[in-house]
Amino acid sequence: MEVVGTIRGLIRSLLFLLLWSSCEGRDSELSYVTCGSLVKLFNTRHNVRLHSHDVKYGSGSGQQSVTGVENADDANSYWQIRGKPNNPCLRGAPIKCGQAIRITHMKTGRNLHTHHFSSPLSNNQEVSAFGENGEGDNLDVWTVQCEGIHWERDEAVRFKHVGTDVFLSVTGEQYGHPIRGQREVHGMSSPNQHNWWRTMEGVFIQPSQEPLRHDEL
């Protein structure tokens with residue numbers, strides 16, 4: 001009887017350890033930004049969220065403008081994290097540091113994009129939203145620059161453009177009419193305090209599970 005009791009005790013201990021390990025792994029998964037997630041990206045230096053709208057630049061490329069806004073509730077500040085063209089990432093999979101991604105504007109279906117045009121206010125590199133229904137070209141691809149293995153939700157990261165090697169940045173210049181008070185978003189050639197971004201509100205996709213909401217859309 002003592003042997004049976006000992007075996008039962010060992011089995012209970014083993015089951016407890018397996019359950020604890022599973023919970024620990026799940027908690028770890030929930031801390032990452034994942035493929036398919038819909039997020040707002042917050043510039044930590046200038047306290048604005050990455051934003052776009054169906055307003056074209058009056059100079060440069062004439063493509064859809066991308067700005068930074070202070071308003072936390074604007075639905076035009078939601079972006080979806082996606083894989084590269086012809087190489088989709090697995091829905092719900094954690095995004096790795098150094099991984100190439102597309103960042104697609106939810107409302108208009110255009111991708112975060114940059115190219116060799118000068119930005120209208122600072123004369124840095126213009127950043128626009130480009131394409132239709134989520135499909136543009138190879139200048140829509142950015143890499144996530146972060147520490148560790150995966151992009152963590154509470155971590156400040158940089159986005160480096162694959163095609164031109166600039167970093168997604170804000171330096172504080174403000175537009176006038178028709179987007180008065182919104183900040184210019186542009187590409188800068190060097191990493192600095194102006195190109196740190198962190199995820200804020202959003203819906204984070206988990207593998208084979210329901211989306212995990214972080215605040216409401």
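Positions are given from 1 along the sequence.
- Of the inter-residue distances, the one linking Gln182 atom CD with Asp74 atom CG reads 7.5 Å to the nearest 0.5 angstrom.
- Taking 4.5 Å as the limit, some side-chain heavy atom of Val170 sits within range of a side-chain heavy atom of Trp197.
- Gly172 and His46 make their closest contact through N-CE1, 3.8 Å (heavy atoms, listed as atom of the first residue, atom of the second, distance).
- Taking the side-chain contact (heavy atoms from CB on, under 4.5 Å) definition, one finds that Gln80 meets it with Leu38, Arg82, sequence neighbours left out.
- The neighbour count for Asn87 CG, taken as heavy atoms of other residues, nucleotides or ligands under 6.0 Å away, is above 12.
- One finds the CH2 atom of Trp79 at 13.5 Å from the CZ atom of Arg102 (value rounded to the nearest 0.5 Å).
- Taken to the nearest 0.5 Å, the CD1 atom of Ile95 stands 12.5 Å off from the CZ atom of Arg153.
- When Leu168, Leu41, Val185 are each tested for a side chain to side chain contact (heavy atoms under 4.5 Å, CB included) with Leu112, only one passes: Leu168.
- The cluster map of Ile, Leu, Val, Met, Phe, Trp and Tyr, joined by side-chain heavy atoms under 4.5 Å apart, puts Val69 and Ile103 in different clusters.
- One finds the CZ atom of Arg49 at 4.5 Å from the CE atom of Met200 (value rounded to the nearest 0.5 Å).
- The heavy-atom pair separating Ala129 from Gln63 by the smallest distance is O-CB, 4.2 Å.
- Grouping Ile, Leu, Val, Met, Phe, Trp and Tyr by side-chain contacts under 4.5 Å, direct or through others, leaves Trp196 on its own.
- For the pairing with His186, the side chain to side chain contact (heavy atoms under 4.5 Å, CB included) check across Thr114, Leu121, Thr171 returns one residue only, Thr171.
- Note: the hydrophobic cluster containing Val166 does not contain Val127 (ILVMFWY, side chain heavy atoms under 4.5 Å, direct or indirect links).
- Considering all non-hydrogen atoms of both residues, Ala75 and Met106 come closest at O-CE, 3.9 Å.
- Among residues two or more places apart in sequence or in another chain, the side-chain contact (heavy atoms from CB on, under 4.5 Å) test is passed with Leu90 by Ala93.
- At a threshold of 4.5 Å between non-hydrogen side-chain atoms, the residues His194 and Phe167 do not count as touching.
- With Ser37 contributing its side chain and Ile81 its backbone, the two residues share no donor-acceptor pair below 3.5 Å.
- Residues Glu126 and Gly60 share a closest heavy-atom pair of OE1-CA, 3.7 Å.
- Residues passing the side-chain contact (heavy atoms from CB on, under 4.5 Å) test with Ala100, sequence neighbours excluded: Lys84, Val141, Thr143.
- The list of disulfide bond (SG atoms under 2.5 Å apart) pairs with a residue in residues 50-90, not counting sequence neighbours, reads Cys35-Cys89.
- One finds the CG atom of Asn123 at 4.0 Å from the OG atom of Ser118 (value rounded to the nearest 0.5 Å).
- Side-chain contact check for Asn124 and Ser119: no donor-acceptor pair (N or O, by modelled atom type) lies under 3.5 Å.
- Taking CG from Asn195 and CG from Asn43, the interatomic distance works out to 8.0 Å, rounded to the nearest 0.5 Å.
- Arg158 pairs by the salt bridge (charged side-chain N to carboxylate O under 4.0 Å, His left out) definition with nothing, not counting sequence neighbours.
- For Arg110, the salt bridge (charged side-chain N to carboxylate O under 4.0 Å, His left out) test picks out Asp54, Glu132, with sequence neighbours left out.
- Linking Ile, Leu, Val, Met, Phe, Trp and Tyr whenever their side-chain heavy atoms come within less than 4.5 Å puts Val157 and Ile101 in one cluster.
- The ring pair (Phe, Tyr, Trp, His ring centres under 6.0 Å) contacts involving residues 50-75 comprise His51-His53, where partners must be two or more places apart or lie in separate chains.
- In this structure, the side chains of Phe42 and Asn47 come closer than 4.5 Å at one or more pairs of heavy atoms.
- Screening residues 104-178 for disulfide bond (SG atoms under 2.5 Å apart), with sequence neighbours left out, gives Cys97-Cys146.
- Annotation: side-chain contact (heavy atoms from CB on, under 4.5 Å) contacts of Asp165 (sequence neighbours excluded): Lys160.
- Residue pairs satisfying the salt bridge (charged side-chain N to carboxylate O under 4.0 Å, His left out) criterion with at least one member in residues 183-200, sequence neighbours excluded, are listed as follows: Glu70-Arg183.
- Put simply, the side chain of Lys40 gets close to the backbone of Ala72: a donor and an acceptor are under 3.5 Å apart.
- Of all heavy-atom pairs spanning Pro178 and Val55, the tightest one is CG-CG1, 4.2 Å.
- Residues meeting the ring pair (Phe, Tyr, Trp, His ring centres under 6.0 Å) test with His115, sequence neighbours left out: His113, Phe117.
- Note: the hydrophobic cluster containing Phe130 does not contain Phe159 (ILVMFWY, side chain heavy atoms under 4.5 Å, direct or indirect links).
- The shortest heavy-atom contact between Ser52 and Gln64 is OG-NE2, 2.9 Å.
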